[in-house]
J.: 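Sharing a structure here in structure tokens format.
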Amino acid sequence: IPFAAMLSFAQAADVPMRKSGLWEIRTETRAGGQSMPGPMTMQVCIDQSKDDITAAPNDMQRMKQRCSKMDVKRSGNTVTMDSVCTHEGRTVTSHATITGNMTTDYRMESSARFSPPMHGMSAMESTMTGKWIGACKPGQKHGSVTMSGMPGMPGGFKMDPEMMKRMQQMQQQYGR
């Protein structure tokens, strides 16, 4: 389940929105106990009033159609999410715990089991940490992303919100 989609249903537990500005997000993923390429680090410019982390209605609608279970619980600065969903003909059972205040930092630890296995993986774990690092850079707008640590892209990768929208439209058009 995409990270933004998981967090969109966390809104029901009153998760605070991320503070406006530039966020550095680091993701480490493990499958079968082995680290996958990475870690991947990205910087994202966020406008708190438009923060997709808690407002992804399209993802939310798709999740409601594909998930038989979506439980969210909050206790202080900890949000726990459990879900059972279908994805590409597989049952995906996920568990995630988010800690932090979401205005300056957060950490999400998640695990997923796939039945039958997906691309040879029966399970995957990831740790994502987000840290507010200051104001967005000149010329950046909400949704601007710069990624580093991607295999085959030594100089990193930049994506603006318009490019992301075009990619989402193509994804919907071709059924993925």
Side-chain angles (χ1 to χ4, degrees), residues 1-18 23-44 46 51-56 58-60 62-133 145-154 156-157 159 164 167-168 171 176:
I1 296 173
F3 173 68
M6 287 183 77
L7 289 177
S8 68
F9 77 81
Q11 182 180 18
D14 268 341
V15 174
M17 290 194 292
R18 292 178 290 185
W23 282 80
E24 184 170 274
I25 301 169
R26 179 182 166 106
T27 305
E28 296 182 59
T29 305
R30 298 163 301 286
Q34 300 293 317
S35 291
M36 297 179 79
M40 185 177 69
T41 302
M42 71 174 122
Q43 290 186 348
V44 182
I46 298 296
D51 192 4
D52 294 338
I53 204 166
T54 59
N58 292 336
D59 286 337
M60 202 46 196
R62 280 192 291 267
M63 284 184 67
K64 285 180 180 177
Q65 293 170 352
R66 296 184 351 208
C67 299
S68 61
K69 175 183 177 180
M70 290 191 314
D71 291 338
V72 180
K73 295 177 182 138
R74 180 175 180 183
S75 177
N77 278 351
T78 301
V79 176
T80 305
M81 297 176 287
D82 289 289
S83 66
V84 177
C85 303
T86 57
H87 179 71
E88 295 180 5
R90 291 167 177 78
T91 299
V92 181
T93 305
S94 302
H95 174 79
T97 302
I98 304 170
T99 55
N101 63 25
M102 298 296 283
T103 57
T104 59
D105 64 86
Y106 61 90
R107 177 181 179 91
M108 182 172 106
E109 295 180 9
S110 63
S111 61
R113 293 187 321 272
F114 308 102
S115 179
M118 184 180 300
H119 308 293
M121 292 185 296
S122 59
M124 183 168 60
E125 299 175 345
S126 66
T127 301
M128 178 180 290
T129 54
K131 180 174 80 171
W132 186 82
I133 55 177
V145 175
T146 303
M147 291 186 214
S148 60
M150 293 180 68
M153 298 186 142
F157 176 76
M159 185 177 342
M164 198 174 282
M167 289 173 66
Q168 287 173 340
Q171 193 175 32
R176 288 234 170 233

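Sequential numbering from 1 along the given sequence is applied to the chain's residues. Below, each value reflects all heavy atoms present in this structure, side chains not excepted, and no hydrogens, waters or symmetry copies.
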J.: Checking Thr99 against Thr78 for the side chain to side chain contact (heavy atoms under 4.5 Å, CB included) test, could you report, in this order, the C-alpha distance in whole Å, the side-chain angles of both residues, the deciding distance, and whether it holds?
T.: CA-CA 5 Å; Thr99 55; Thr78 301; 3.6 Å; yes
J.: Check salt bridge (charged side-chain N to carboxylate O under 4.0 Å, His left out) between Arg107 and all other residues, then give those that pass, not counting sequence neighbours.
T.: Glu109
J.: Checking side chain to side chain contact (heavy atoms under 4.5 Å, CB included) for the pair His87/Phe114: CA distance, chi angles, key distance, verdict?
T.: CA-CA 9 Å; His87 179 71; Phe114 308 102; over 6 Å; no
J.: Using the side chain to side chain contact (heavy atoms under 4.5 Å, CB included) rule, take Ile98 and Met81 through it: C-alpha gap first, then chi angles, then the decisive distance, then the call.
T.: CA-CA 8 Å; Ile98 304 170; Met81 297 176 287; 3.4 Å; yes
J.: Show the nearest heavy-atom pair for residues Pro116 and Gly89, with the distance to one decimal.
T.: CD-O, 4.2 Å
J.: Nearest 0.5 angstrom please: Glu88 CD to Arg66 CZ, how far?
T.: 8.5 Å
J.: Atom CG in Asp82, atom OG1 in Thr97: separation rounded to 0.5 Å?
T.: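 That separation rounds to 8.0 Å.
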J.: State the CE-OG distance between Met70 and Ser68, to the nearest 0.5 angstrom.
T.: 10.0 Å
J.: According to side-chain contact (heavy atoms from CB on, under 4.5 Å), who are the partners of Ser111, at least two apart in sequence or on a separate chain?
T.: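 For Ser111, the residues satisfying side-chain contact (heavy atoms from CB on, under 4.5 Å) (neighbours in sequence not counted) are His95, Glu125.
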J.: Might you point out which heavy atoms bring Arg90 and His119 nearest each other, and give the distance in Å?
T.: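 Heavy atoms only, the tightest pair is NH2-N, 4.4 Å.
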J.: Please report the closest heavy-atom contact between Pro117 and Gly120, naming both atoms and the distance.
T.: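 Distance-wise, the nearest heavy atoms are CB-C, 4.2 Å.
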J.: Distance check, rounded to the nearest 0.5 Å: Trp23 atom CH2 versus Gln43 atom CD?
T.: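 With rounding to 0.5 Å, CH2 (Trp23) is 13.0 Å from CD (Gln43).
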J.: About how many Å separate CZ of Arg18 and CD1 of Ile46, when rounded to the nearest 0.5 Å?
T.: 3.5 Å
J.: Could you give the distance from CD1 (Ile25) to CE (Met42), rounded to the nearest 0.5 Å?
T.: 5.0 Å
J.: Stepwise, does the side chain to side chain contact (heavy atoms under 4.5 Å, CB included) test hold for Thr93 with Lys69?
T.: CA-CA 9 Å; Thr93 305; Lys69 175 183 177 180; over 6 Å; no
J.: Is it the case that the side chains of Ser110 and Ser126 hold a donor-acceptor pair, with the cut-off being a distance below 3.5 Å and no angle test?
T.: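 Result is yes, a qualifying pair exists.
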J.: Hey, are the side chains of Val84 and Thr91 touching, using non-hydrogen atoms and a 4.5 Å cut-off?
T.: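 Val84 reaches Thr91 side chain to side chain.
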J.: Partners of Arg26 by salt bridge (charged side-chain N to carboxylate O under 4.0 Å, His left out), sequence neighbours excluded?
T.: Glu28
